[in-house]
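Working notes for the structure below.
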Amino acid sequence: MVEIRLTNTKTRGKEAFAPIDPQNVRLYLCGPTVYDRAHLGNARPVVVIDVLVALLRHVYGVDHVTYVRNFTDVDDKINATALSRQQAGAPGTLEDLIRERTQETIGWYHADMDALGAARPDHEPRATDYIAQMITMIEKLIADGHAYARDGHALFRVRSYKDYGKLSGRSVDDMIAGARVEVAPFKEDPMDFVLWKPSDAELPGWDSPWGRGRPGWHIECSAMSYELLGESFDIHAGGIDLQFPHHENEIAQSACAHPHGDFARVWLHNEMLQVEGKKMAKSLGNFFTVRDLLDKRVPGEVIRFVLLSTHYRKPMDWTDEKARAAEDALWEWRVLTKGVEPAAEPDPRVIEALADDLNTAGAISVLYTLKDDPAKLLASARFLGLLRPDMGAWMTQDLAAIDSVSVPVADVLAGLTQQLTDLRIAAQESKDYAALDALKSALTEAGIEVRMSKTGVELVAGPRVDAQKLGTLL
RNA sequence: GGCGGGUUGGCGGAGAGGUUACGCAGCGGAUUGCAAAUCCGUGAAGACCGGUUCGAUUCCGGUACCCGCCUCCA
């Protein structure tokens, strides 16, 4: 069996992965807070974990992996939208309206992640469907002295969990000294965090032993992972920015509520994304969503390729240049594997690279060496979620535009090939190559690759065909 | 201030204590009316300063610079 090695943030080292139950390998990925379209940074863990899940299914069996990714659908930005809709006269309770708003956002999220070729998880729990379980967990924490109720709030008592700060390498005292902590009169200790907070009439809320209110951030992941994966599971993943406080707080809650469990054994954290060497931020004007890219006709497959071309634990820089290079490689491989049946198994080097702490960049580099074996190339690329039959529509998009002048694409290229052949024969007799060269460079200009050999002329569409320019040559 | 990540050839980007990464671009050749494509060949690196070692780009320490988290942002 392939030995998978993963870098575990908890132990700060690369370790051999040994599932608790090989019949049911369990993984939890922190999903999005569904207040808006997913940005490119949101897509990185999704695509990376998609590959990990494929690897786990390959090693342990398709039916022996459980992948959970949540939707956090309680959030102040969502609340604000719901409230403004209600004030604008929308019917229904606030709880109905946030449900509506988040339903819409989840639809976008699904469409965008689908476009990147990421498989849907086995479970996609929504926080608002697990309010009761969160309340149960909080009650237990209070009963056991790990949390306390105060002024309509429930708070986690950070000092009652001795390992608090271990995951992120912080100490409670240092953090308080850093003074970047919200001071609140109802907190026993400034580091204590909110498990439950009160809602007024303008906020969605649920009945609880502490009054009408809503859960704090963090508790939803603890409650949902417990419900779906149990008190001990294998892998918990997310962006490195979640390491603190989100994951630290999850660990504290879960460890105290279920002291016999291990919670997550392996913690995987992906590094952040940059754009052209800078942090992606609205203030820098370089912020964009996955949908923005798709709308700019950057194929989902190209986005996926770029996201996988940097190791997940390194900062990933999105550049237009990388997208172009990815497009060229994918185009070439798709041409090469057209009509080819994939080999039964991917190249073992691809599996090896992935098994070594998910070295997706290394795996992609193996693909470059498989040009002589298209069947193997296809099987290997598909293992990474590339060259899938359902993701190749982008290749015909540009050519399809020519059909607007009512000429089928194939006929366009056939006609031009004939034209070029005739010109060539004439030129070879007259030794006047001017007209031939003119057509040739016009074709090249339009993104068509012109191949001329002794046996004849062949026109091959490239990744950046300019349909308009080509249209003028008809 | 505390914690963490990064720095590889013109560009992107991996692995490995000593042996070619790989891709793009470049250069030389074959081929071509000229190109393109293809094929063959080829130069080019490891931020800086020390240490360990027979030998380090790879391990250790320090410096510089970049980035992230500590602010419900993956």
Side-chain angles (χ1 to χ4, degrees), chain A residues 9 12 29-33 35-36 38-49 69 72 74-77 165 167-171 173-182 191 193-194 197 215-218 220 237-249 269-274 277-282 287 306 309-317 319 321-322 324-326 328-329 332 349 352-353 356 359-371 424 427-428 430-434 436-437 440-441 443-444 448-454 457-460 462:
Chain A
T9 310
R12 279 154 224 284
L29 171 65
C30 280
T33 300
Y35 61 92
D36 204 352
H39 63 247
L40 188 59
N42 291 305
R44 167 122 101 144
V46 173
V47 169
V48 165
I49 295 306
R69 182 181 66 209
T72 296
V74 194
D75 166 85
D76 287 342
K77 276 171 271 196
L167 178 75
S168 52
R170 297 152 200 259
S171 80
D173 293 324
D174 286 350
M175 286 187 281
I176 292 171
R180 293 223 205 169
V181 218
E182 183 196 358
M191 284 306 294
F193 59 88
V194 172
K197 50 191 170 187
W217 189 35
H218 320 304
E220 83 282 20
I240 187 70
D241 56 336
L242 293 182
Q243 187 187 31
F244 189 91
H246 185 55
H247 291 160
E248 199 72 70
N249 291 356
H269 287 107
N270 62 277
E271 256 296 337
M272 298 290 99
L273 177 119
Q274 295 173 266
K278 293 204 171 75
K279 176 185 179 171
M280 181 166 86
K282 284 180 180 162
F287 179 94
V306 174
S309 65
T310 298
H311 187 93
Y312 75 95
R313 287 192 305 109
K314 282 194 171 186
M316 138 102 226
D317 193 17
T319 65
E321 175 53 34
K322 279 187 192 175
R324 255 195 308 279
D328 286 346
E332 184 186 352
R349 292 173 298 164
E352 269 168 44
D356 182 12
N359 185 358
T360 51
I364 286 177
S365 74
V366 172
L367 302 184
Y368 287 108
T369 68
L370 294 173
K371 286 182 194 172
R424 189 188 193 204
Q428 278 168 341
S430 67
K431 300 292 172 204
D432 177 6
Y433 293 95
L436 177 64
D437 285 344
K440 203 168 60 180
S441 40
L443 284 166
T444 306
I448 301 291
E449 196 180 281
V450 181
R451 299 182 184 175
M452 299 175 87
S453 67
K454 273 174 270 189
V457 170
E458 193 187 356
L459 295 183
V460 182

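All values below come from the heavy atoms of this structure, side chains included, with hydrogens, waters and symmetry mates left out. Quick caveat, the model's predicted, so the values are computed rather than measured. Chain naming here is simple, since letters A, B, ... match the order of the sequence lines and numbering starts at 1 in each.
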Give [X] one of three labels, base, sugar-phosphate or nothing, depending on what nucleic acid heavy atoms sit under 4.0 Å from its own.
X         : answer
Thr444(A) : nothing
Leu273(A) : base
Gly41(A)  : base
Lys440(A) : base
Asp76(A)  : base
Asn359(A) : sugar-phosphate
Arg170(A) : base
His269(A) : nothing

Please give the distance between the [atom1] atoms of [N] and [M] as a whole number of Å.
N      : M      : atom1 : answer
A16(B) : G4(B)  : P     : 23 Å
A47(B) : U57(B) : C1'   : 12 Å
A21(B) : A14(B) : P     : 15 Å
C40(B) : G6(B)  : P     : 37 Å
C48(B) : G9(B)  : P     : 10 Å
U19(B) : A25(B) : C1'   : 27 Å
G12(B) : U71(B) : P     : 34 Å
A56(B) : G15(B) : C1'   : 15 Å

With a 4.5 Å heavy-atom cut-off, do [X] and [Y] have their side chains touching?
X         : Y         : value
Arg349(A) : Leu370(A) : yes
Gln274(A) : Met316(A) : no
Arg69(A)  : Ile49(A)  : no

Gap between atoms [atom1] and [atom2], on [X] and [N] respectively (whole Å):
X         : N      : atom1 : atom2 : answer
Asn249(A) : C73(B) : CG    : P     : 14 Å
Gln243(A) : C73(B) : CD    : P     : 17 Å
Lys322(A) : A14(B) : NZ    : C1'   : 13 Å
Leu40(A)  : C73(B) : CG    : P     : 18 Å
Met280(A) : C69(B) : CE    : P     : 12 Å
Ile49(A)  : A74(B) : CD1   : P     : 15 Å
Asp328(A) : G12(B) : CG    : P     : 17 Å
Arg313(A) : C67(B) : CZ    : P     : 21 Å

Hey, does the side chain of Lys77(A) come within less than 4.0 Å of C73(B)'s phosphate (OP1/OP2), counting only N and O?
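It does, given that an N or O in the side chain of Lys77(A) lies less than 4.0 Å from OP1 or OP2 of C73(B).
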So, is Lys314(A) close to the U7(B) phosphate, meaning a side-chain N or O under 4.0 Å from OP1 or OP2?
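For U7(B), OP1/OP2 do have a side-chain N/O of Lys314(A) under 4.0 Å.
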Can you tell which of [options] lies closest to the side chain of [X]?
X         : options                : value
Thr310(A) : C70(B), A74(B), G13(B) : G13(B)
Ile240(A) : A21(B), G68(B), A36(B) : G68(B)
Tyr368(A) : G23(B), G15(B), C67(B) : G23(B)
Leu436(A) : A36(B), G33(B), C69(B) : G33(B)
Leu242(A) : C3(B), A74(B), A14(B)  : A74(B)
Met452(A) : C67(B), C24(B), A35(B) : A35(B)
Asp356(A) : G2(B), G15(B), A36(B)  : G15(B)
Glu332(A) : C22(B), U38(B), A37(B) : U38(B)
Pro45(A)  : A74(B), C22(B), C67(B) : A74(B)
Phe244(A) : A36(B), C70(B), A74(B) : C70(B)

Is there a donor-acceptor pair under 3.5 Å between the side chain of Lys314(A) and the backbone N or O of Glu271(A)?
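No, the answer is negative, given that no donor and acceptor are paired below the 3.5 Å cut-off.
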Determine whether a donor-acceptor pair (N or O, by modelled atom type, separation under 3.5 Å) exists between the side chain of Arg12(A) and the backbone of Leu167(A).
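Confirmed, Arg12(A) side chain pairs with Leu167(A) backbone.
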If you look at every heavy atom in Thr310(A) and Thr360(A), which pair is closest and at what distance?
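That closest heavy-atom pairing would be O-OG1, 3.9 Å.
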Walk me through whether Asn270(A) and Val48(A) qualify under side chain to side chain contact (heavy atoms under 4.5 Å, CB included).
CA-CA 8 Å; Asn270(A) 62 277; Val48(A) 165; 5.5 Å; no
If we ignore angles and hydrogens, is there a donor and acceptor under 3.5 Å between the side chains of His218(A) and His247(A)?
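No pair is found: no donor N or O on one side chain lies under 3.5 Å from an acceptor on the other.
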Verify whether one side chain among Ser168(A) and Glu248(A) offers a donor that lies under 3.5 Å from an acceptor in the other.
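Judged by distance alone, the side chains do pair up.
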Which residue lies toward the 5' end of RNA chain B, Arg12(A) or Gly362(A), if each is placed at its nearest nucleotide?
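It is Arg12(A), whose closest nucleotide lies nearer the 5' terminus.
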In terms of the nearest nucleotide of RNA chain B, which residue is placed more toward the 5' end: Tyr433(A) or Ser365(A)?
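Closest to the 5' end, via its nearest nucleotide, is Ser365(A).
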Answer with yes or no whether Asp437(A) presents, from its side chain, a donor or acceptor under 3.5 Å of a partner atom in the base of G33(B).
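It does, because a donor-acceptor pair links the side chain of Asp437(A) to the base of G33(B) below 3.5 Å.
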So is Arg44(A) actually on top of Tyr312(A)'s ring, under 6.0 Å and inside 45° of the axis?
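Arg44(A) over Tyr312(A) ring: no.
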Worked verdict on Arg424(A) versus Val457(A) for side chain to side chain contact (heavy atoms under 4.5 Å, CB included):
CA-CA 9 Å; Arg424(A) 189 188 193 204; Val457(A) 170; 4.1 Å; yes
Stems involving RNA chain B, each a run of at least 3 consecutive Watson-Crick or G-U pairs under 3.5 Å
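So the stems come out as B:1-7 with B:64-70, B:10-12 with B:22-24, B:26-30 with B:38-42, B:47-51 with B:59-63.
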